[in-house]
Enquirer: 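Below: one structure in structure tokens.
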Amino acid sequence: MDRFIENFKKGFPFLKLVAAATPERGIRVMDESGQKEAIDRYDAFSGTVLKFVPASGAASRMFKDLFEGRDALAAGKELAQDSKARKFVDNIGRFAFYTPDGFRGLSDYRILDHVIGQGTSASGAAGLDYGNRPKGQVLFHRYENEVRTAFEEHLVEGALYARSSSGQVRIHFTVSPAHQAGFEKILRETVAKYEERFGCKYDISFSVQDPSTDIIAVNEDNTPFLKADGKPLYRPGGHGALLRNLNAVDADLIFLKNIDNVVHQRLLEETVRWKKVLAGKLLEVREKIYGYLAALDDMMASGTENAALLSDIRAFLEKEFCVTLPDVPADIYPRYLHAKLNRPIRVCGMVRNEGEPGGGPYIVYDADGSTSLQILEGAQLDMNDPATVSMLKGSTHFNPVDVVCCTVDYLGSKFDLQRFVDPETGFISHKSYEGRPLKAQELPGLWNGSMSNWNTVFVEVPLITFNPVKTVLDLLRPEHQPEAL
């Protein structure tokens with residue numbers, strides 16, 4: 001507890017930037033030939049693969065506008081013509097969860113209440129209660145003969161790019177304890193259909209965020225926030241707490257993607273293609289790292305220096321990871337290079353910034369004086385520093401949480417991912433509880449500070465691969481609609 005209280009008092013330091021990562025330096029733009037080589041390399045891969053999907057997020061924020069609309073109607077007001085709730089009601093027939101028997105003849109209030117609460121449908125069925133369920137259990141897409149939740153769309157994706165040579169598809173979902181049974185029910189009802197359709201066998205597992213990663217909340221004066229019963233309030237440590245869940249899974253390659261970032265299957269081809277590109281690029285980099293580490297082991301065991309090898313490794317670190325090195329004493333230089341190479345690897349898709357939310361890619365200075373590629377959030381940037389603001393304006397891309405990881409070292413052992421976290425990159429935000437203000441702290445983000453000391457490659461990917469559903473109206477975008485509409 002003392003460490004977290006101290007973090008509240010002193011805050012977290014801003015990171016020192018070198019530059020925004022761009023296609024000129026830091027973001028790799030792969031031509032068609034390079035894409036094909038990467039895809040071929042991944043298609044020939046015979047190792048184990050896992051898809052890791054954070055899926056504990058509640059849908060309450062997704063339906064925030066509907067709650068506000070329902071409250072307005074309950075107070076005797078009408079929905080404003082330009083309101084989001086009005087747009088939702090007017091387009092109710094375009095959502096995958098719409099059924100004529102369920103909604104026909106319902107008033108505006110009853111439509112909203114049926115979707116987000118327990119209000120009965122026109123046929124007397126219980127409400128969808130989407131305002132109290134996780135995003136993964138919301139029906140996202142309509143097809144000719146079926147509708148699919150976001151959870152099911154990840155089953156489909158997994159069958160198309162995350163299957164082993166034996167046809168096994170392993171997917172791990174992190175969920176909240178209250179909703180795990182609901183996900184298991186959807187799985188039981190649909191898994192056989194997708195196994196038959198895609199000729200695969202699913203191995204689906206679940207885990208919950210470890211309660212021990214919860215962090216005490218504080219008052220504005222940094223004293224512990226006490227609930228009405230006098231006990232301290234502990235809050236979940238944010239998505240960075242999922243590092244423990246990621247650390248517990250085992251595979252040669254791990255695809256990491258958020259639960260709400262899915263697309264209608266008619267547009268899925270590009271997503272599958274680029275997942276394979278990212279994985280193939282990781283395999284290329286991994287092969288080089290493993291080779292360099294074996295060569296370093298041989299060199300250090302022999303007691304003779306191979307100047308050409310050391311020079312090649314230095315150039316490789318700069319070219320692939322934007323790692324420039326400080327002056328290092330000659331007697332420890334080989335071991336220093338060994339430590340720089342022997343780390344988890346991630347290849348991250350980066351999308352051209354067109355106003356969508358997401359962390360930004362930057363080149364930063366590390367504590368030892370070297371540089372590295374990092375995904376940063378706004379809270380980590382000093383907006384009072386003119387140089388930082390200038391770099392921010394020069395940023396061209398953002399991270400849509402499209403990551404492929406390797407968490408196995410060159411000797412075949414799993415890395416302990418906790419060893420590669422930067423504990424100085426947490427977040428402090430202002431929240432409330434029972435109407436009282438508080439300060440909350442989050443652990444270093446899963447793809448931010450939790451992966452700070454990984455070897456990182458940024459690759460430009462097309463915008464079509466990023467289709468998040470932040471609000472229910474996002475489901476009206478063409479990427480989430482059947483072709484007929």
Side-chain angles (χ1 to χ4, degrees), residues 55 57-81 83-156 175-176 178-194 197 259-260 262 264-266 469 471-477 480-485:
S60 54
R61 283 178 290 181
M62 177 179 168
F63 292 98
K64 175 178 177 291
D65 299 313
L66 305 196
F67 279 103
E68 293 177 355
R70 186 182 65 174
D71 291 345
L73 291 169
K77 302 176 183 178
E78 293 186 359
L79 297 179
Q81 287 302 311
S83 69
K84 293 178 180 178
R86 177 79 266 162
K87 183 176 181 180
F88 173 83
V89 170
D90 289 345
N91 289 275
I92 187 63
R94 297 177 60 194
F95 292 96
F97 44 79
Y98 170 83
T99 59
D101 290 342
F103 286 88
R104 186 184 292 114
L106 294 186
S107 65
D108 292 351
Y109 177 86
R110 288 190 63 197
I111 288 174
L112 298 179
D113 193 45
H114 178 62
V115 172
I116 61 178
Q118 299 288 345
T120 57
S121 70
S123 60
L128 301 175
D129 202 27
Y130 279 167
N132 298 302
R133 293 168 66 179
K135 281 185 182 180
Q137 295 178 16
V138 174
L139 287 169
F140 268 30
H141 299 146
R142 183 182 302 281
Y143 295 87
E144 184 176 357
N145 298 311
E146 65 187 12
V147 288
R148 296 180 193 164
T149 61
F151 175 82
E152 290 170 79
E153 294 293 16
H154 280 281
L155 299 183
V156 173
V175 300
S176 64
H179 298 297
Q180 182 170 338
F183 282 112
E184 292 173 342
K185 181 176 183 291
I186 296 173
L187 181 64
R188 288 194 303 271
E189 294 173 348
T190 62
V191 65
K193 173 178 66 175
Y194 295 121
R197 186 175 300 175
I259 187 68
D260 68 334
V262 289
H264 197 279
Q265 191 178 336
R266 68 183 178 85
V469 178
T471 76
V472 67
L473 294 182
D474 287 338
L475 291 173
L476 297 177
R477 292 182 177 185
H480 299 289
Q481 288 288 308
E483 196 165 14
L485 295 178

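These values consider heavy atoms only, across backbone and side chains, with no hydrogens, waters or symmetry-generated copies.
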Enquirer: Flag the pair V115 / F88 as yes when at least one side-chain heavy-atom distance between them is below 4.5 Å, and no otherwise.
Expert: yes

Enquirer: Check each of E153, R148, H141 against Q265 using the side-chain hydrogen bond (donor to acceptor under 3.5 Å, both in side chains) test, and report the only one that passes.
Expert: R148

Enquirer: Using every non-hydrogen atom in the two residues, find where E152 and T190 come nearest and quote the distance to one decimal.
Expert: OE1-CG2, 3.4 Å

Enquirer: Under 3.5 Å, side chain of N91 to main-chain N/O of K87, donor-acceptor pair present?
Expert: yes

Enquirer: Quick one: are the ring centres of H264 and Y143 less than 6.0 Å apart?
Expert: yes

Enquirer: Closest approach of Q481 and L475, non-hydrogen atoms and distance?
Expert: NE2-O, 2.8 Å

Enquirer: Whether D108 and R86 form a salt bridge (side-chain N of Lys/Arg under 4.0 Å from carboxylate O of Asp/Glu) is what I want to check.
Expert: yes

Enquirer: So D474 and R477, salt bridge (Lys or Arg N to Asp or Glu O under 4.0 Å) or not? Walk me through it.
Expert: CA-CA 6 Å; D474 287 338; R477 292 182 177 185; 3.6 Å; yes

Enquirer: Any carboxylate oxygen within less than 4.0 angstrom of a Lys/Arg side-chain nitrogen, looking at E68 and K84?
Expert: no

Enquirer: When the ring centroid of Y130 is compared with that of F97, is the distance short of 6.0 Å?
Expert: yes

Enquirer: Please examine the side chains of Q137 and F183, heavy atoms only from C-beta on, and report whether any two atoms are closer than 4.5 Å.
Expert: yes

Enquirer: Which distance, rounded to the nearest 0.5 Å, do you find between the OG of S121 and the CD1 of I111?
Expert: 11.5 Å

Enquirer: Looking only at heavy atoms, which two atoms of G69 and A85 are closest? And how far apart?
Expert: CA-CB, 3.9 Å

